[in-house]
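Here the structure comes first, spelled out in structure tokens, and everything after it is commentary.
In the text below, chain A, chain B and the rest are named by the order of the sequence lines, each starting its count at 1.
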2 protein chains.
Amino acid sequence: MSEEPVRGSASPTLEDVARVAGVSRATVSRVVNGVRNVDPEIQETVRRAVAVTGYVPNNAARSLVTRRVGSVALVVSGAGEEDEIGEDGFSTRHIFGDPFFGRVVGGIVDYLRPRGIHPVLMLADTGEARSQVLAFLRQGNADGALLVSTHGEDPLPRMLTEADQPAVLFARPARPLPISYVDCAHQDGGKLAADHLVARGCERVATIAGPLDVPASQDRLSGFQSAMARHGRPYVPVVEGNFTIGSGSRAMERLLVEHPDIDGVFAANDLMAQGAVLVLRESGHRVPDDVAVIGFDDSSAALSCRPQLTTIRQPVENMAAEMASLLLTALDQPDRRVTSVVFEPTLVVRQSA
Amino acid sequence: MSEEPVRGSASPTLEDVARVAGVSRATVSRVVNGVRNVDPEIQETVRRAVAVTGYVPNNAARSLVTRRVGSVALVVSGAGEEDEIGEDGFSTRHIFGDPFFGRVVGGIVDYLRPRGIHPVLMLADTGEARSQVLAFLRQGNADGALLVSTHGEDPLPRMLTEADQPAVLFARPARPLPISYVDCAHQDGGKLAADHLVARGCERVATIAGPLDVPASQDRLSGFQSAMARHGRPYVPVVEGNFTIGSGSRAMERLLVEHPDIDGVFAANDLMAQGAVLVLRESGHRVPDDVAVIGFDDSSAALSCRPQLTTIRQPVENMAAEMASLLLTALDQPDRRVTSVVFEPTLVVRQSA
DNA sequence: CTGAAAGCGCTAACAA
DNA sequence: TTGTTAGCGCTTTCAG
């Protein structure tokens with residue numbers, strides 16, 4: 001008892017602890033920061049003094065000299081441009097409801113948290129917001145940035161490299177840039193989908209692509225097309241969607257009109273696949289018996305869909321963790337070459353195909 | 001041109017700007033912080049010097065003296081305990097994929113961003129993590145906390161008040177505590193659901209409640225029950241779920257076994273309602289013709305469900321914004337009474353009831 | 001209206 | 001191994 005630090009008074013400083021322990025500020029600092037070369041007995045004394053005073057280091061003061069704050073920015077770039085979910089006066093941040101994004105955040109938080117680092121959430125969907133992100137970093141509010149872009153022509157990556165800010169992207173930038181990123185072998189994913197549909201015996205296959213200004217969409221499409229070509233199907237109907245359920249439904253409606261005898265569909269993400277399934281069932285097609293559907297991502301949408309979606313799984317949590325890992329490495333070794341890490345997608349067979 | 005600040009050199013300080021402008025540090029500081037009492041001409045000179053040097057204030061230095069950092073913690077407490085979505089080596093942060101939580105984040109970000117404040121995302125699902133949150137705040141890494149608890153007996157609110165940390169909760173704490181919060185009139189919501197089902201002509205109504213250690217679940221349930229009682233139905237079968245799709249399905253299965261002739265269901269959130277609908281349809285019941293289903297939240301799940309869910313809408317974004325607003329007010333007026341703001345839910349009629 | 005000067009709390013040489 | 005000292009960059013009295 002009486003370990004209770006005095007309430008009400010201003011929070012104690014190193015100085016206070018030093019006085020109580022009868023040593024110098026420097027020694028307390030060393031103990032607190034776990035620097036060796038401190039007599040074990042004194043260490044103990046200091047630790048006790050820390051407990052008695054209820055001392056907690058002031059991170060602002062620390063950062064001022066170390067030039068590190070111990071937090072990173074998690075930037076969602078290009079979000080909220082179009083939005084199917086109702087307008088309610090807010091520029092609804094659809095992205096935060098996206099199960100895919102949820103996995104990214106989860107992976108990042110899981111990696112960062114044991115290391116005592118926490119992500120600062122930022123949106124960068126306008127020019128102003130992007131400047132805000134840059135200013136934020138320059139003011140030293142975060143040591144670096146993890147960037148998840150939702151569209152191809154995002155100018156933020158370039159801005160970051162030009163400002164010499166440490167950053168790692170989720171997904172390869174549309175134009176080559178000296179910046180680190182993690183990605184998934186989307187073409188291989190497209191191939192997996194094609195092979196599976198063909199192996200299933202599908203004869204009249206079409207695809208619902210993602211927005212084609214996004215490299216990932218292009219890659220999934222091209223990987224799918226070339227694999228189909230290798231199977232002797234040089235032509236595959238393509239409709240472009242925008243990764244939302246609604247766009248998936250609309251795309252499926254169009255495909256059904258133009259190709260009523262379709263028997264296999266590859267959608268570039270699970271949400272669109274879900275939208276496609278809804279339309280198929282409502283128009284009396286059985287899935288997978290009449291039309292097989294395969295998605296991409298393996299997000300929670302794949303599980304909540306009926307039938308559950310066969311899909312191409314991206315190891316999103318691992319990718320996100322790797323992103324964080326790359327950033328921390330870069331922060332520790334400032335003049336290191338940029339790197340990229342590409343993960344392999346896998347086929348997850350469920351009911352829809 | 002040549003407005004380009006010198007590259008490579010360490011970032012400029014107030015001192016540098018002062019030298020270029022030919023004034024003192026203090027004056028530059030005043031201009032940068034928009035303090036009046038500065039000669040307009042000098043202001044202009046300083047502004048030019050800022051532009052020339054590419055000056056950006058160092059927030060650590062600033063915080064050291066102002067004792068404010070300009071960021072808040074967004075704490076998700078009690079998350080990730082149980083998780084239906086596959087285990088993949090990660091303690092999957094289910095919460096981030098929850099559309100309800102997505103709306104909360106969106107609302108907070110929307111309110112905070114124009115004010116130049118950004119939330120630091122933290123998870124507090126273990127005792128250690130909770131201490132981490134407290135230490136984080138005490139170290140001055142954030143000025144206060146926005147807390148979203150996912151279960152009733154969360155100890156964090158009390159810890160925060162005892163540590164005198166400014167905080168605002170989403171939802172009333174299970175036990176009374178001198179802490180501000182925003183909430184929704186859940187009982188009224190339950191009543192809206194009951195009235196709608198009765199008005200629809202449902203005769204044999206049951207409910208799938210949320211976890212009963214959460215005040216919100218209790219309130220939705222009691223509001224629903226007492227409204228039903230007022231309609232002459234003193235007894236309503238109740239099955240408890242845990243706010244996930246899967247639990248909604250399981251609950252519906254049980255209800256169907258015990259009460260095969262059921263014709264109306266109120267689920268305490270949309271995800272469970274969605275799970276219930278899946279089971280109903282798979283077992284050959286038409287929704288809403290045979291069984292009417294009504295959810296709660298009006299999350300994106302309500303829209304992606306087929307049929308689309310009739311539901312009780314919580315104005316989550318407004319609630320989240322209000323939460324942020326309350327916190328900022330508290331930060332500006334430290335010795336102000338705690339307050340609570342309670343929002344009214346509304347009935348949104350779609351197809352499921 | 002402006003400048004000089006005193007710290008905010010901490011780390012990191014450098015001495016001892 | 002420990003203590004002394006000099007700042008990190010900024011705000012803010014207090015004089016002028």
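By the side-chain hydrogen bond (donor to acceptor under 3.5 Å, both in side chains) test, B:Asn33 pairs with B:Ser29, B:Arg62, sequence neighbours left out. B:Glu41 meets the side-chain hydrogen bond (donor to acceptor under 3.5 Å, both in side chains) test with no other residue; sequence neighbours excluded. Looking at residues two or more places apart in sequence or on another chain, you find a side-chain hydrogen bond (donor to acceptor under 3.5 Å, both in side chains) between B:Gln43 and B:Arg47. Not counting sequence neighbours, the partners of A:Ser340 by the side-chain contact (heavy atoms from CB on, under 4.5 Å) test are A:Tyr181. Here B:Asp143 pairs with nothing under the side-chain hydrogen bond (donor to acceptor under 3.5 Å, both in side chains) rule; sequence neighbours left out.
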Cut-off 3.5 Å, no hydrogens considered: what does the side-chain donor-acceptor table look like for residues 127-136 of chain B, sequence neighbours left out?
| residue | atom | partner | partner atom | Å |
| --- | --- | --- | --- | --- |
| B:Ser131 | OG | B:Gly127 | O | 3.1 |
| B:Gln132 | OE1 | A:His118 | NE2 | 3.3 |

Check: residues 167-180 of chain B side-chain donor-acceptor pairs under 3.5 Å, at least two apart:
| residue | atom | partner | partner atom | Å |
| --- | --- | --- | --- | --- |
| B:Arg172 | NH2 | B:Asp219 | OD1 | 3.2 |
| B:Arg172 | NH2 | B:Asp219 | OD2 | 2.6 |
| B:Arg175 | NE | B:Glu153 | OE1 | 3.4 |
| B:Ser180 | OG | B:Thr339 | N | 2.9 |
| B:Ser180 | OG | B:Thr339 | O | 3.3 |

Which pairs of donor and acceptor atoms, one on a side chain in residues 19-26 of chain A, lie under 3.5 Å apart (sequence neighbours left out)?
| residue | atom | partner | partner atom | Å |
| --- | --- | --- | --- | --- |
| A:Arg19 | NH2 | A:Asp16 | OD1 | 3.1 |
| A:Ser24 | OG | A:Ala26 | N | 3.4 |
| A:Ser24 | OG | A:Thr27 | N | 3.3 |
| A:Ser24 | OG | A:Thr27 | OG1 | 3.3 |
| A:Arg25 | NH1 | A:Glu15 | OE1 | 3.1 |

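A distance-only check finds a donor-acceptor pair linking the side chain of A:Asn59 to the backbone of A:Val69 [under 3.5 Å].
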Distances under 3.5 Å between nitrogen or oxygen atoms of protein and nucleotides 10-13 of chain D:
| residue | atom | partner | partner atom | Å |
| --- | --- | --- | --- | --- |
| D:dC10 | OP1 | B:Tyr55 | OH | 2.3 |
| D:dC10 | OP1 | B:Asn58 | N | 3.2 |
| D:dC10 | OP2 | B:Leu14 | N | 2.5 |
| D:dC10 | N4 | B:Arg25 | NH2 | 3.0 |
| D:dT11 | OP1 | B:Asn33 | OD1 | 3.3 |
| D:dT11 | OP1 | B:Asn33 | ND2 | 3.0 |
| D:dT11 | OP1 | B:Arg62 | NE | 2.8 |
| D:dT11 | OP1 | B:Arg62 | NH2 | 3.4 |
| D:dT11 | OP2 | B:Ser29 | OG | 2.7 |
| D:dT11 | OP2 | B:Asn33 | ND2 | 3.4 |

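Considering only side-chain N and O atoms, A:Thr27 lies nowhere under 4.0 angstrom from the phosphate OP1 or OP2 of D:dT2.
From the 5' end on, the contacts that DNA chain C makes with chain B at under 4.0 Å to a non-hydrogen atom open and close at C:dC1 to C:dG9.
Across its full length, the helix from C:dC1-D:dG16 to C:dA16-D:dT1 shows an angle of 30° between the axes of its 5 terminal pairs at either end, rounded to 10 degrees.
The list of salt bridge (Lys or Arg N to Asp or Glu O under 4.0 Å) pairs with a residue in residues 320-341 of chain A, not counting sequence neighbours, reads A:Arg68-A:Asp332.
Of the residues near DNA chain C, B:Asp39 and B:Leu64, the one whose nearest nucleotide (by heavy atom distance) lies more toward the 5' end is B:Asp39.
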